[in-house]
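Shown next, in structure tokens, is the structure this report addresses.
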Amino acid sequence: MGMERKSTIERKLTIDIKKIRSEFPILHQEVNGKPLVYFDNAATSQKPIQVIKAIDDYYGRYNANIHRGVHHLSQVATDAYEKARRTSQKFINAEHEHEVLFTAGTTDSINLVAQTWGRKNIQKGDEIILTQLEHHSNIVPWQMLAEEKGAIIKVVDINEAGELDMEGYKSLLCNATKLVAFNHISNALGTLNPVKEMTALAHNAGATVLIDGAQSVPHMKVDVQELDADFYTFSAHKICGPTGVGVLYGKEALLEKMPPWRGGGEMIKTVSFSGTTYNELPFKFEAGTPHIEGGIVMGVAMDYLNQIGLENIAAYEAELLEYGVQKMAELEYIDFIGTAKEKASVISFNMKGAHPFDVGTILDKLGIAVRTGHHCCQPLMERLGIPGTVRASFAFYNTKEEIDALVSGLERAHKMFS
Ligand code: C6P
């Protein structure tokens, strides 16, 4: 990211890359006879041994259902699960522990808000503002809601660099705007959006704000109170944790007023055929047996990132980004897609005369994992007038040597296509 990039020059990095890489067993293998270079971190991150061991520890030592049993194992599991909630609270600096809901991930979190807050608060003719940079997860739930309620979706445009048109955004905000939903960092282009400013503008217009943090929490310290976010969402699997679990942060006042979504065990206080009363926060939104191991291990993953330091991660990844952009800019047949001033460690690009899928396939033959295609951002690709991109997304366990391998892979691919 731009700001962090400047500060790396001033600050001495404290990333011990050798130690960190030794903690990721998956990285030490060959793919197609070449050392694996994993540059698909925006899709999902790899897991350190601490996380893998914590999964083993849970099932080997204290697997039990939570919030139910008086027996020892159930209490140990419940304590570990609720400890993870406190870790998550601190991870994003939420004011209250009960403002952290455990969900199945970003997609689930956004659907929860659309189906509860949305169905209660959005009426016919109300406006929902999204941006061209959104992932399908932050488009489709709102389209479903808008269709049901007769609401109108408006979209903030982008400039050539893939930055949001802030003047356009301001002109869309009006009395009819009830919700504004945008990502903190774009998964397809890496753009870091001015979310604090966008939130303040939305609040001035009387709108509620949801920030999709799927791509920001892995790369930077997030403070939901400082951002004044009403809702903030993310997935554990992008922060070195397990799949199928994540967080929905919501301000207490909003969550209290929202009706529950899924009904079942855990989310109730009393049930009778004459009527049911609901549990307190956060349990009102956590029906059924949750992903217990997932929640606990998500907390372990957060501890792991905290121990390295999100600031160190941001600074190191900014160096990788700078190095990658500099090296790839020497290849005249590469077009960068997304050149925002403030950017996360994502390089989206196309090779002249080659389809992204073909470039990705050749890189895979060389042991290099990238993502190709629309990155679940079809409206963005349509706006850019391209079928898709090749995306190399870096994590704190990647190295400059791996970027060199990508560059020689691209040189090789180019020779094959020309
Ligand atoms: N993006 C990518 O390769 P889930 O699948 O629920 O964990 O996250 C969905 C999601 C929502 N918003 C953003 C900004 C995202 O990047 C993602 C997931 C992955 O870019 C997989 S499609």
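Treat the numbers as computed from the prediction; the structure is a model and nothing was measured. Both counts, for ligands and for their atoms, begin at 1 and track the order of listing. These values consider heavy atoms only, across backbone and side chains, with no hydrogens, waters or symmetry-generated copies. For this chain, numbers begin at 1 and follow the sequence in order.
Looking at Glu99, its side chain does come within 3.5 Å of a backbone N or O of Glu252 through a donor-acceptor pair. Formation of a donor-acceptor pair under 3.5 Å by the Lys18 side chain with backbone atoms of Asp16 is not found in this model. Under the 3.5 Å distance criterion, the side-chain polar atoms of Asn41 are left unmatched by any main-chain donor or acceptor of Lys238. Although no hydrogens or angles enter the test, the distance criterion places a donor-acceptor pair under 3.5 Å between the side chain of Tyr316 and the main chain of Asn398.
Using a 4.0 Å heavy-atom criterion, the residues that approach ligand 1 are Ala42, Ala43, Thr106, Thr107, His135, Ser137, Asn187, Asp212, Ala214, Gln215, Ser235, His237, Lys238, Arg371, Cys376, Arg391.
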Quiz: residues 378-391 side-chain donor-acceptor pairs under 3.5 angstrom, not counting sequence neighbours:
from, atom 1, to, atom 2, distance (Å)
Gln378, NE2, His374, NE2, 3.2
Arg383, NE, Asp157, OD1, 2.7
Arg383, NH2, Ile158, O, 3.1
Thr389, OG1, Ser348, OG, 2.8
Thr389, OG1, His375, NE2, 2.7
Arg391, NH1, Asn187, O, 3.1

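Checked for salt-bridge contact, Lys343 and Glu322 miss the test: no charged N lies under 4.0 Å from a carboxylate O.
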